[in-house]
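In this text the structure is predicted, and so the values were computed from the model without any measurement. Lettering of chains follows the sequences in order, A, B, ..., and the numbering in each one begins at 1.
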There are 2 protein chains.
Amino acid sequence: MDKREQILEATANLIAECGLQSPISLVAKQACCGAGTIYRYFDTKEELIEMVYLMQMERLTEACLANCDKQGSVREQLQKIWSNLYRYLNDSPRDAALLDQLGVAPDVREELQLKAQAGIVERIHSLFEEGRARGEIKDLPNEVLGVYAYGGISTLVRMARTKPGLKDQTITEEMVLSLCWDAIANH
Amino acid sequence: MDKREQILEATANLIAECGLQSPISLVAKQACCGAGTIYRYFDTKEELIEMVYLMQMERLTEACLANCDKQGSVREQLQKIWSNLYRYLNDSPRDAALLDQLGVAPDVREELQLKAQAGIVERIHSLFEEGRARGEIKDLPNEVLGVYAYGGISTLVRMARTKPGLKDQTITEEMVLSLCWDAIANH
DNA sequence: AAGCGCAGAATGAACGTTCACTCCGGATCA
DNA sequence: TGATCCGGAGTGAACGTTCATTCTGCGCTT
């Protein structure tokens with residue numbers, strides 16, 4: 001297996017579990033390599049974390065856009081994306097926890113974040129435009145609509161993962177999709 | 001000024017700006033005291049962080065429930081709380097950034113989080129009950145409704161604070177309240 | 001086929017720094 | 001003068017990073 005990938009994966013696991021202060025020595029142990037080897041692939045720990053972020057955002061984007069043909073109503077297309085997002089975060093708790101940590105990391109440069117998010121953001125915003133043109137969607141800035149729905153979903157999944165009281169509550173996909181659509185729809 | 005408060009405030013400032021790994025030495029410097037003094041008030045750094053969390057959740061609760069008499073429709077009462085939350089997070093970026101950091105901190109024990117959130121959560125859930133009894137609110141678990149709205153608002157404020165593109169977008173309180181209510185309302 | 005040489009990957013002990021935390025000398029009160 | 005509180009130098013542990021060394025796989029020679 002590729003060593004670089006092994007290191008990225010080990011870092012992702014540790015950050016998801018113990019936060020950003022996970023020591024390099026543990027990363028090396030989990031990646032089954034020496035500490036020095038990590039520095040053959042990444043200049044600094046900071047860069048390593050940025051690369052983990054990049055990898056993770058690619059996975060998120062891919063997961064969200066899976067089976068998303070550009071057919072069907074705006075509502076159907078948006079709900080497909082939200083459904084993908086919800087299932088991805090729920091089915092991959094490690095990835096969800098990792099994204100939570102990286103989301104507040106001071107190490108990840110702003111510029112890199114924007115680049116990594118561009119793909120999925122672009123797609124969603126163009127759907128918003130279309131929905132607004134049809135009068136189906138509120139006349140609010142794209143960023144507001146997108147961020148609000150994303151924030152709701154990701155927070156819901158985070159709480160379901162960490163708050164014991166929510167764990168045995170059954171949260172269905174239908175609930176989430178209803179919340180997201182009704183929030184942004186014109187009534 | 002009370003030394004203990006000074007230390008708590010300094011810790012809050014540093015965590016909001018630099019994350020949880022802010023060193024005790026810097027806390028001491030910002031609090032204008034020696035490192036040893038901190039340990040006269042808190043046994044460990046972990047406990048210090050937990051106390052910061054407690055202080056911050058009290059402020060959040062107080063801000064959210066300000067001027068909230070138990071009169072008016074369910075919608076009016078809920079929107080008053082959300083409005084308070086939105087304004088608080090927006091007007092106190094330090095507090096908002098701090099809550100973001102503490103929200104993913106492994107240091108803060110689950111049990112303490114639940115206790116600190118109990119006040120505001122209770123109030124909101126009872127409003128949900130009433131609204132549901134009147135048929136105004138979706139028949140979904142209280143936690144799902146509450147967490148979704150909170151997640152949407154807090155994420156929106158976080159992005160407005162950190163993403164440069166969103167900074168000059170005008171996000172009004174009305175936008176946020178419309179999103180929150182429509183998400184959870186029966187239509 | 002066997003032996004040799006070599007480039008680059010991998011290693012982990014060692015280094016200097018920084019951390020959370022301690023401890024004791026001095027300031028501040030009664 | 002005795003009791004109490006405080007500060008910041010001191011401490012060992014742990015950190016990110018480096019580097020001298022070892023390992024490994026492949027081409028070349030015989």
- Message: Salt bridge check, B/E9 against B/R59: does any charged N sit closer than 4.0 Å to a carboxylate O?
- Response: yes

- Per A/S25 side chain, nearest of listed nucleotides D/dC15, D/dT17, C/dA20: D/dC15

- Query: Using a cut-off of less than 4.0 Å, is there contact between a side-chain N or O of B/K3 and OP1 or OP2 of D/dG7?
  - Reply: yes

- Query: For A/Q77, which of A/E130, A/R123, A/Q71 qualifies under side-chain hydrogen bond (donor to acceptor under 3.5 Å, both in side chains)?
  - Reply: A/R123

- Query: Between C/dA10, D/dG16, C/dG12, which nucleotide has the shortest distance from any of its atoms to the side chain of A/A35?
  - Reply: C/dG12

- Message: Tell me the interatomic distance from B/Q21, atom CD, to D/dA14, atom P, rounded to whole angstroms.
- Response: 19 Å

- Task: Could you name each residue pair satisfying salt bridge (charged side-chain N to carboxylate O under 4.0 Å, His left out) that touches residues 98-110 of chain B, not counting sequence neighbours?
- Result: B/E50-B/R109, B/D100-B/R158, B/D100-B/R161, B/R109-B/E111

- Base, sugar-phosphate alone, or nothing: which one does B/I24 contact when heavy atoms must sit under 4.0 Å apart? sugar-phosphate

- Item | Between C1' of C/dC21 and CG of B/L48, the distance in whole Å | 13 Å

- Task: State, to 0.1 Å, how close A/N84 and A/C68 come at their nearest heavy-atom pair, and which atoms those are.
- Result: ND2-SG, 4.0 Å

- Task: Select one nucleotide: of D/dG7, C/dC21, D/dT18, the one nearest the side-chain heavy atoms of B/T37.
- Result: D/dG7

- Message: Under 4.0 Å, counting only non-hydrogen atoms across every strand here, what does A/Y41 touch: a base, just sugar-phosphate, or nothing?
- Response: sugar-phosphate

- Report the distance from atom CD1 of B/I7 to atom P of C/dC21, rounded to the nearest whole Å. 14 Å

- Query: 5'-most contact on DNA chain C: B/K45 or B/R40, nearest heavy atom basis?
  - Reply: B/K45

